[in-house]
S.K.: 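Handing you a structure now.
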2 protein chains.
Amino acid sequence: MPVSAIDTLPEQRRPDDRPRLTELFLKGRGRDTMTPEDAATLEDSIEEVRTIPARTIVIRRDERVRHSSLLLEGVMCRYMDDRQGNRQIVAFHVPGDFVDLHGFAMRHLDHDVATLTPVRVALAGHDRLERIVASYPRLTRLLWFSTLLDAAMHREWVFRLGRLEADGRVAHLFCELHARLAMVDLVREGAFRFPVTQIDLAEAAGITPVHLNRVLRSLRERGLMTFRSGEVHILDLDMLTALADFDPSYLYGGGPTLEKQGA
Amino acid sequence: MPVSAIDTLPEQRRPDDRPRLTELFLKGRGRDTMTPEDAATLEDSIEEVRTIPARTIVIRRDERVRHSSLLLEGVMCRYMDDRQGNRQIVAFHVPGDFVDLHGFAMRHLDHDVATLTPVRVALAGHDRLERIVASYPRLTRLLWFSTLLDAAMHREWVFRLGRLEADGRVAHLFCELHARLAMVDLVREGAFRFPVTQIDLAEAAGITPVHLNRVLRSLRERGLMTFRSGEVHILDLDMLTALADFDPSYLYGGGPTLEKQGA
DNA sequence: CGAGGCATTGAGTGAGCTCAAAAGGCGTGG
DNA sequence: CCACGCCTTTTGAGCTCACTCAATGCCTCG
């Protein structure tokens with residue numbers, strides 16, 4: 001359903017918003033270990049800010065990419081289609097996520113990237129990232145780490161799809177979104193906006209839209225959560241967590257350096 | 001079932017096997033873009049070679065890690081257990097894979113790592129990798145890329161579990177293994193060794209061992225492939241590929257620089 | 001030779017699917 | 001402003017794939 005064409009509305013970058021654009025990057029995951037110089041360097045890698053409409057394909061698989069997108073506002077996703085056109089969403093992205101940073105090291109992607117809502121993204125040029133890798137090892141490791149966070153989420157999705165039943169999958173999905181959005185301060189009293197369709201959720205949970213609808217009804221009737229017109233209300237996080245077998249530690253709250261045990 | 005305890009048998013490193021240990025790393029995926037100096041530097045990061053028995057847990061989740069393992073021989077896996085003890089394998093590893101290189105940038109892992117067969121691994125110290133990041137940007141990007149390859153495989157597993165039915169999942173798994181093992185020259189006339197149990201395969205495919213067994217029978221009866229006593233024979237790769245909706249491009253044969261299309 | 005793990009097969013059950021239909025929401029054009 | 005159309009959401013009915021439970025055979029190893 002996403003129409004192609006990158007209808008971009010380039011914005012003017014004002015000098016005074018310099019330290020602003022990347023402020024959500026790795027927030028709650030070790031951003032604070034970044035030196036002011038690292039932060040400024042990262043900020044300098046942003047060449048442009050774009051506004052993109054909802055339901056737009058931003059990058060097609062196999063396409064050569066020359067910049068990476070830091071999501072500032074809105075929701076994006078990455079997905080793959082099978083031969084019959086059935087879609088599997090492999091990642092949701094929320095503000096603060098470097099959506100396609102892996103495109104820097106991979107040169108081209110193995111999946112499509114699209115917006116689900118209208119978004120604002122900050123574009124980091126790969127030539128500038130190249131300079132970071134050449135001269136800022138600590139920042140380089142943080143960028144690397146952030147792509148590994150995505151990999152950790154992928155693993156958790158594998159777990160979700162491999163081991164959980166439909167209600168657990170949906171619960172897990174919302175537990176993850178709740179935790180991730182909370183880290184960038186987008187949750188208010190257990191509620192957050194996530195304006196996607198039930199079809200999108202079904203394509204991420206690996207179930208049919210019809211069954212997803214039934215699962216949502218069940219979760220609502222059990223008093224665990226509601227999803228209505230893009231608004232999520234978590235009513236019983238403990239029960240939802242238990243149903244999802246959810247353990248947020250894969251999100252690396254605190255960042256890479258936070259140790260759990262000795263040895 | 002894997003017993004804990006790292007029963008390691010440290011080997012003596014002979015000076016003459018210097019250029020040998022890392023020779024499978026990124027083979028078929030841009031290893032050739034590595035300069036001799038890069039290759040030597042990588043080789044120098046290896047501190048030790050270990051032999052580890054089958055069914056041994058090598059790294060437990062949350063454990064602080066100080067070196068990363070390049071698999072030389074054998075099969076390893078990464079997995080996560082749910083609260084009831086059901087296991088989901090999230091990755092298989094074959095020779096040439098840097099099994100837990102992500103542990104370098106993450107400091108601790110969100111899953112366990114175990115051997116499935118007896119293995120030989122080369123251990124790269126994180127302090128030496130740190131020096132690579134500080135001084136060898138091109139090699140750093142290749143290391144980064146190799147962790148992103150794992151992420152790409154994770155995504156494909158998400159697709160497999162989210163969109164395929166049991167026979168497709170199993171077919172996909174074997175298509176991937178076939179392609180990956182072929183890259184490191186471990187396939188002979190469509191046959192390769194993969195000495196794991198049907199239980200392991202089931203834990204990777206997200207189905208029960210009983211059903212996996214039925215699927216294997218079906219694939220065998222349809223003349224697509226056989227799996228017997230750790231030996232895989234691909235009999236009809238085209239049909240298997242079609243059944244699996246398999247497209248090997250996510251394995252980045254040729255490496256990061258190989259472009260597919262312009263723009 | 002016995003024990004334990006793995007592989008295999010059967011029978012019955014159930015979660016999630018397909019097919020189908022209808023209601024609600026929203027934007028566009030007459 | 002209303003009507004239409006399209007997409008999304010919702011619900012029902014029947015079916016199927018994969019599950020559970022169970023039993024048996026096989027193979028390896030002590």
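Just so it is clear: chains get the letters A, B, ... in the order the sequence lines come, proteins before strands, and each one is counted from 1.
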S.K.: List the residues meeting side chain to side chain donor-acceptor pair (under 3.5 Å) with A:Thr241, not counting sequence neighbours, and say none if there are none.
M.R.: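 Per chain and number, A:Thr241 pairs via side chain to side chain donor-acceptor pair (under 3.5 Å) with no residue.
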S.K.: Between protein and nucleotides 17-30 of chain D, map the contacts as a letter string: B base, S sugar-phosphate only, - none, heavy atoms under 4.0 Å, written 5' to 3'.
M.R.: -BSBB---------
S.K.: Five pairs per end, C1' atoms only: what is the angle between the end axes of the helix from C:dC1-D:dG30 to C:dG30-D:dC1, to 10 degrees?
M.R.: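 Between the axes fitted at each end of the helix from C:dC1-D:dG30 to C:dG30-D:dC1 lies an angle of 40°.
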S.K.: Give the rounded distance in Å between these two atoms: CD of A:Gln198 and C1' of C:dG25.
M.R.: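 Rounding to the nearest Å, CD of A:Gln198 and C1' of C:dG25 are 13 Å apart.
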S.K.: In whole angstrom, what separates B:Glu221's CD from C:dT8's C1'?
M.R.: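 In whole Å, C:dT8 C1' lies 12 Å from B:Glu221 CD.
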S.K.: Quick check against the 3.5 Å criterion: does B:Thr197 have a side-chain atom that pairs as donor or acceptor with the backbone of B:Asp200?
M.R.: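 Such a contact is found between B:Thr197 side chain and B:Asp200 backbone.
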S.K.: Strictly below 4.0 Å, N to O, side chains only: are B:Arg61 and B:Asp81 in salt-bridge contact?
M.R.: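 Salt bridge flag = no for B:Asp81 with B:Arg61.
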S.K.: Whole angstrom is fine here: how far is it from CG in B:Leu219 over to P in C:dT8?
M.R.: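 It is 13 Å, rounded to the nearest whole Å.
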S.K.: Residues in side chain to side chain donor-acceptor pair (under 3.5 Å) with B:Arg155, at least two apart?
M.R.: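 A:Asp110, A:His111, A:His154.
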S.K.: Tell me: CZ of A:Phe227 to P of D:dT10, nearest whole Å?
M.R.: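 Taking CZ of A:Phe227 and P of D:dT10, I get 9 Å after rounding.
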S.K.: Taking 4.0 Å as the cut-off, does a side-chain nitrogen or oxygen of A:Arg217 come that near to OP1 or OP2 on D:dT11?
M.R.: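 Looking at the OP1 and OP2 atoms of D:dT11, one of them is under 4.0 Å from a side-chain N or O of A:Arg217.
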S.K.: Flag the pair B:Arg78 and B:Asp97 as a salt bridge only when some basic side-chain nitrogen lies within less than 4.0 angstrom of an acidic carboxylate oxygen.
M.R.: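 Between B:Asp97 and B:Arg78 there is no salt bridge, as every charged N stays at least 4.0 Å from the carboxylate O atoms.
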S.K.: Is there a side-chain polar atom (N or O) of B:Asn213 under 4.0 Å from OP1 or OP2 of C:dT8?
M.R.: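 The answer is yes; a side-chain N or O of B:Asn213 sits under 4.0 Å from OP1 or OP2.
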S.K.: Please list all pairs passing the salt bridge (charged side-chain N to carboxylate O under 4.0 Å, His left out) test where one or both residues lie in residues 211-227 of chain B, with sequence neighbours left out.
M.R.: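 Output for this query lists B:Asp167-B:Arg222.
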S.K.: Separation of A:Arg55 atom CZ from D:dC6 atom C1', in whole Å?
M.R.: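 Nearest whole value for this atom pair: 14 Å.
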S.K.: Show every donor-acceptor pair shorter than 3.5 Å between a side-chain atom in residues 225-240 of chain B and any protein atom, with sequence neighbours excluded, or say none if there are none.
M.R.:
{"from": "B:Glu231", "atom 1": "OE1", "to": "B:Arg193", "atom 2": "NH1", "distance (Å)": "3.2"}
{"from": "B:Asp236", "atom 1": "OD1", "to": "B:Asp238", "atom 2": "N", "distance (Å)": "3.4"}
{"from": "B:Asp236", "atom 1": "OD1", "to": "B:Met239", "atom 2": "N", "distance (Å)": "3.0"}

S.K.: Ring centroids only, cut at 6.0 angstrom: are A:Tyr250 and A:Phe159 within range, meaning strictly under it?
M.R.: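 Not close enough - the centres of the two rings lie 6.0 Å or further apart.
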